[in-house]
Amino acid sequence: MNLIFFKYQGTGNDFVMIDNRTKIFPKEKTDIISQLCDRHFGIGADGVILIENDDDFDFKMIYYNPDASETFCGNGGRCAVAFAKQLGIIDSKTHFLAIDGEHFAEINNSIVSLKMIDVEEIKIQENSVFAYTGTQHHVEMVNELKDFPVYEKGKEIRYSYAEPGSNVNFVEQLNNDTFKVRTYEKGVENETLACGTGVTAVAVAMHKTNKTKRNHIYLPVEGGNLEVSFKEENGIYNNIFLIGPAQFVFKGNISI
């Protein structure tokens with residue numbers, strides 16, 4: 001079949017977007033996901049996102065990693081909001097459903113502010129912090145992040161967790177409210193230019209471990225700049241917003 005797709009990116013996290021409101025995509029054929037994400041033999045992307053109808057929300061977002069595993073993706077969620085606006089499903093505000101629950105978002109030009117789920121699961125470990133922000137995240141501070149072997153160390157740590165494993169974020173503090181982040185993503189099995197759930201986990205972890213007292217954190221990533229704001233009450237982080245650009249790249253079609 002001939003599949004029409006749209007390509008979006010959010011701080012270098014890139015996605016194949018598909019309007020699946022008419023159920024055209026063969027979700028049972030999981031090998032197609034890997035084919036679409038392949039940067040040599042397919043379109044090339046960090047994941048595939050389907051936009052579907054939902055009776056109770058503006059739309060439903062379904063996210064696949066390149067290995068066809070389903071999870072939530074923060075930058076993918078922001079791109080889904082921009083895509084929904086392009087499709088005429090929403091205007092400037094939306095309430096949509098994803099695998100980790102409901103999300104609210106606002107879009108202003110190319111900047112999308114996405115409300116994330118509350119973060120209750122935070123484990124302070126010997127040299128790291130684990131947090132669940134819609135998916136699993138290991139957060140570890142390092143020195144000289146630009147020269148750090150993210151792929152090698154990330155792959156090692158990713159598989160040290162029980163299934164389904166964990167994403168791995170390496171962090172360098174730049175000042176009181178700014179933390180540079182590089183992330184190895186499970187499912188992609190490589191470093192990506194950005195990770196929305198990852199920087200959310202970093203912001204929460206840095207506050208939880210008293211590296212910062214601020215509740216609006218700036219997070220430079222390899223693909224640009226993201227921001228995370230939040231409130232903290234009795235050890236639970238709520239009203240969390242992931243803020244950054246989401247941009248349309250191109251539209252095309254591919255035979256699958």
Side-chain angles (χ1 to χ4, degrees), residues 3-20 24-52 59-84 86-87 96-101 103 105 112 114 116-117 133-137 151 154-155 158 164-169 181-201 221-224 226 242 244-252 254 256:
L3 180 70
I4 297 173
F5 69 89
F6 297 73
K7 184 76 178 284
Y8 272 76
Q9 64 89 12
T11 52
N13 237 174
D14 58 341
F15 310 99
V16 172
M17 319 289 293
I18 298 165
D19 179 0
N20 199 41
I24 58 170
F25 190 77
K27 289 190 281 189
E28 72 282 357
K29 297 180 179 179
T30 55
D31 59 315
I32 293 176
I33 303 296
S34 298
Q35 175 191 337
L36 294 176
C37 292
D38 193 294
R39 297 190 183 278
H40 301 286
F41 299 101
I43 300 165
D46 291 328
V48 171
I49 296 174
L50 308 182
I51 296 294
E52 297 186 349
F59 64 90
K60 182 178 181 180
M61 166 194 167
I62 299 175
Y63 178 80
Y64 295 100
N65 285 313
D67 66 357
S69 59
E70 287 190 57
T71 187
F72 181 68
C73 175
N75 285 329
R78 293 189 308 97
C79 286
V81 171
F83 184 41
Q86 181 177 347
L87 293 175
F96 71 94
L97 185 65
I99 193 170
D100 64 336
H103 291 268
V112 178
L114 172 66
M116 307 290 281
I117 62 168
T133 57
T135 189
Q136 300 81 2
H137 278 282
Y151 175 79
K155 185 176 182 180
R158 177 257 193 270
S166 180
N167 296 283
V168 184
N169 306 274
V181 183
R182 292 175 64 186
T183 303
Y184 177 98
E185 287 199 54
K186 63 181 175 64
V188 180
E189 305 308 334
N190 209 338
E191 180 179 4
T192 55
L193 294 180
C195 179
T197 54
V199 297
T200 302
V221 293
E222 293 296 283
L226 292 166
L242 170 66
Q247 297 172 319
F248 171 67
V249 183
F250 63 86
K251 177 183 177 181
I254 188 171
I256 59 172

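In what follows, residues are counted from 1 in the order of the sequence shown.
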K.L.:
How about CD1 on Ile4, more than 12 heavy atoms from neighbouring residues, nucleotides or ligands closer than 6.0 Å, or not?
P.N.:
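It does not: Ile4 CD1 has 12 such atoms or fewer within range.
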K.L.:
Counting C-beta onward and ignoring hydrogens, is there a side-chain heavy-atom pair between Asp46 and Pro66 closer than 4.5 Å?
P.N.:
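SC-SC contact between Asp46 and Pro66 ruled out.
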K.L.:
Any heavy-atom pair between the side chains of Ile49 and Tyr63 that's under 4.5 Å?
P.N.:
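Yes, at least one pair of side-chain atoms sits under 4.5 Å.
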K.L.:
Looking only at non-hydrogen atoms, find the nearest pair between Arg39 and Ala45 and report the distance.
P.N.:
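Residues Arg39 and Ala45, closest heavy atoms: NH2-C, 3.5 Å.
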K.L.:
Would you mind reporting whether Pro26 and Ile256 have side-chain heavy atoms less than 4.5 Å apart?
P.N.:
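Yes, side chains in contact.
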K.L.:
Return the OG1 to CG distance between Thr197 and Asp100, rounded to the nearest 0.5 Å.
P.N.:
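Thr197 atom OG1 to Asp100 atom CG measures 9.5 Å (nearest 0.5 Å).
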K.L.:
Taking the side chain as every heavy atom from C-beta outward, state whether Leu36 and Phe5 have any atom pair closer than 4.5 Å.
P.N.:
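They are not in contact (no side-chain heavy atoms under 4.5 Å apart), so the answer is no.
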K.L.:
Working to the nearest 0.5 angstrom, can you tell me the gap between Thr192 OG1 and Asn167 CG?
P.N.:
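The CG atom of Asn167 is 8.0 Å from OG1 of Thr192, to the nearest 0.5 Å.
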K.L.:
For a side-chain contact (heavy atoms from CB on, under 4.5 Å) with Thr200, tell me which candidate from Asn169, Thr133, Leu226 qualifies.
P.N.:
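So the option named by the test is Thr133.
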K.L.:
Less than 4.5 Å apart, side chain to side chain, heavy atoms only: is that true for Leu114 and Met116?
P.N.:
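Yes; the side chains approach each other to less than 4.5 Å.
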K.L.:
Does atom CZ of Phe250 have more than 12 heavy-atom neighbours, drawn from other residues, nucleotides or ligands, at distances under 6.0 Å?
P.N.:
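It does: Phe250 CZ has more than 12 such atoms within range.
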K.L.:
Are the side chains of Glu185 and Asn13 in contact, using a 4.5 Å heavy-atom criterion?
P.N.:
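They are in contact (side-chain heavy atoms under 4.5 Å apart), so the answer is yes.
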K.L.:
Minimum heavy-atom separation for Ala105 and Val112, please, with both atom names.
P.N.:
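Shortest heavy-atom contact: CB-CG1, 4.5 Å.
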K.L.:
Do you know which two heavy atoms are closest between Ala84 and Phe59, and how far apart they sit?
P.N.:
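Closest pair (atom of Ala84, atom of Phe59, distance): CB-CE2, 3.6 Å.
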K.L.:
Could you check whether any side-chain N or O of Asn20 sits under 3.5 Å from a backbone N or O of Ile51, counting only pairs where one atom can act as donor and the other as acceptor?
P.N.:
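Judged by distance alone, no pair lies under 3.5 Å.
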K.L.:
Test side-chain contact (heavy atoms from CB on, under 4.5 Å) on Leu87 and Met17; report intermediate values, then the result.
P.N.:
CA-CA 11 Å; Leu87 293 175; Met17 319 289 293; over 6 Å; no
K.L.:
Is it true that Lys27 and Glu52 make a salt bridge, defined as a side-chain N closer than 4.0 Å to a carboxylate O?
P.N.:
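Yes, this pair counts.
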K.L.:
Do the side-chain N and O atoms of Lys186 and Thr71 include a donor-acceptor pair separated by under 3.5 angstrom?
P.N.:
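No, no side-chain donor-acceptor contact under 3.5 Å.
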K.L.:
May I ask you to decide if Ser69's main-chain N or O and Asp67's side chain share a donor-acceptor pair within less than 3.5 Å?
P.N.:
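Such a contact is found between Asp67 side chain and Ser69 backbone.
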K.L.:
Would you please indicate if the ring centroids of Phe15 and Tyr8 are separated by under 6.0 Å?
P.N.:
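No, the ring centres sit 6.0 Å or more apart.
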K.L.:
With side-chain contact (heavy atoms from CB on, under 4.5 Å) as the criterion, how do Ile99 and Met61 come out once you've worked through the C-alpha distance, each side chain's angles and the decisive distance to 0.1 Å?
P.N.:
CA-CA 8 Å; Ile99 193 170; Met61 166 194 167; over 6 Å; no
K.L.:
Apply side-chain contact (heavy atoms from CB on, under 4.5 Å) to the pair Val16 and Ile254, showing each step before the final yes or no.
P.N.:
CA-CA 11 Å; Val16 172; Ile254 188 171; over 6 Å; no
K.L.:
Determine the minimum heavy-atom distance between Thr135 and Phe72, stating which atoms define it.
P.N.:
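Closest heavy-atom pair between Thr135 and Phe72: CG2-O, 4.1 Å.
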K.L.:
Counting C-beta onward and ignoring hydrogens, is there a side-chain heavy-atom pair between Val48 and Cys37 closer than 4.5 Å?
P.N.:
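With C-beta onward as the side chain, the pair touches.
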K.L.:
Nearest 0.5 Å please: distance from the NE2 atom of His103 over to the CZ atom of Phe96.
P.N.:
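Atom-to-atom, His103:NE2 and Phe96:CZ are 5.5 Å apart.
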K.L.:
Nearest 0.5 Å please: distance from the CD atom of Gln9 over to the CZ atom of Arg78.
P.N.:
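The CD atom of Gln9 sits 9.0 Å away from the CZ atom of Arg78.
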K.L.:
Can you tell me how far SG of Cys79 sits from CG of Asp14, rounded to the nearest 0.5 angstrom?
P.N.:
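So the gap between those two atoms works out to 9.0 Å.
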K.L.:
Among Glu191, Lys155, Glu189, which residue satisfies the side-chain hydrogen bond (donor to acceptor under 3.5 Å, both in side chains) criterion with Tyr184?
P.N.:
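Only one option passes, and that is Glu189.
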K.L.:
Output yes when a side-chain donor or acceptor of Glu28 lies under 3.5 Å from a complementary backbone atom of Thr30, and no otherwise.
P.N.:
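Checking the backbone N and O of Thr30 against the side chain of Glu28, no donor-acceptor pair under 3.5 Å is found.
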K.L.:
Measure across His137 and Cys195 and return the closest heavy-atom pair with its distance rounded to 0.1 Å.
P.N.:
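Closest approach of His137 to Cys195, heavy atoms only: CE1-SG, 3.6 Å.
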K.L.:
Nearest 0.5 Å, please: how far is CD1 in Ile33 from CG in Asn65?
P.N.:
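The distance works out to 10.0 Å.
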K.L.:
Within a strict 4.5 Å, meaning less than it, do heavy atoms of the Thr183 and Glu222 side chains meet?
P.N.:
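Counting from C-beta outward, Thr183 and Glu222 never come under 4.5 Å.
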